[in-house]
Amino acid sequence: QGPDRLLRSVVIDPAARGRGHGRAMVDAIAREAASRGVANLWLLTLDAAPFFAKAGFVPVARGLAPAGIAATAEFTSLYP
């Protein structure tokens with residue numbers, strides 16, 4: 001519930017990368033999320049920051065994550 005959601009994973013087959021499929025997928029997810037009242041999509045990444053930056057995501061300090069995002073298993077254990 002609330003305006004924030006975690007974008008968990010985006011995976012494109014390596015053979016299909018570089019053709020805009022990932023960007024199209026992220027754009028479709030963002031549109032669907034917005035249509036459901038989501039104001040902010042958050043993600044955690046170790047190696048895909050350049051890809052997401054091109055899609056309009058901006059780095060944010062972990063301490064600024066809303067409580068609902070900070071409480072997820074991904075935030076607390078996968079990307080500590």
Side-chain angles (χ1 to χ4, degrees):
Q1 303 297 342
D4 300 292
R5 295 292 186 280
L6 180 65
L7 175 56
R8 176 62 172 84
S9 297
V10 175
V11 179
I12 302 298
D13 185 295
R17 291 181 185 164
R19 298 182 192 162
H21 300 303
R23 178 62 185 269
M25 185 181 298
V26 170
D27 289 347
I29 291 167
R31 283 192 306 274
E32 178 65 20
S35 77
R36 294 173 182 242
V38 175
N40 305 298
L41 281 176
W42 294 77
L43 61 94
L44 304 165
T45 184
L46 297 175
D47 56 1
F51 167 80
F52 285 104
K54 289 178 188 174
F57 286 79
V58 295
V60 176
R62 288 179 64 86
L64 297 177
I69 299 300
T72 64
E74 292 82 3
F75 192 94
T76 59
S77 63
L78 294 178
Y79 296 89

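- Once rounded to the nearest 0.5 Å, the distance linking CZ of F51 with OG1 of T45 reads 10.0 Å.
- Cluster annotation: V38 and V26 are assigned to the same hydrophobic cluster (Ile/Leu/Val/Met/Phe/Trp/Tyr, side-chain heavy-atom contacts under 4.5 Å, transitive).
- Under the 4.5 Å side-chain heavy-atom criterion for ILVMFWY residues, a single connected hydrophobic cluster contains both M25 and F52.
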I would like to know whether D27 and R31 meet salt bridge (Lys or Arg N to Asp or Glu O under 4.0 Å); could you show each step before the answer?
-> CA-CA 6 Å; D27 289 347; R31 283 192 306 274; 5.0 Å; no

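- In terms of heavy-atom proximity, L41 sits nearest to F57 at O-CE2, 3.6 Å.
- What you find for W42 and P66 is that their closest heavy atoms are CZ2-CD, 3.1 Å.
- Within the 4.5 Å cutoff, no side-chain heavy atoms of I69 are placed close to those of E74.
- Here the shortest heavy-atom pairing between A15 and R19 reads O-NH2, 3.2 Å.
- Taking CZ from R8 and CD1 from I29, the interatomic distance works out to 12.5 Å, rounded to the nearest 0.5 Å.
- Scanning both residues, T72 and G68, for their nearest heavy atoms gives CG2-O, 3.4 Å.
- By the criterion of side-chain heavy atoms lying less than 4.5 angstrom apart, applied directly or through intervening Ile, Leu, Val, Met, Phe, Trp or Tyr residues, L78 is grouped together with L46 in one hydrophobic cluster.
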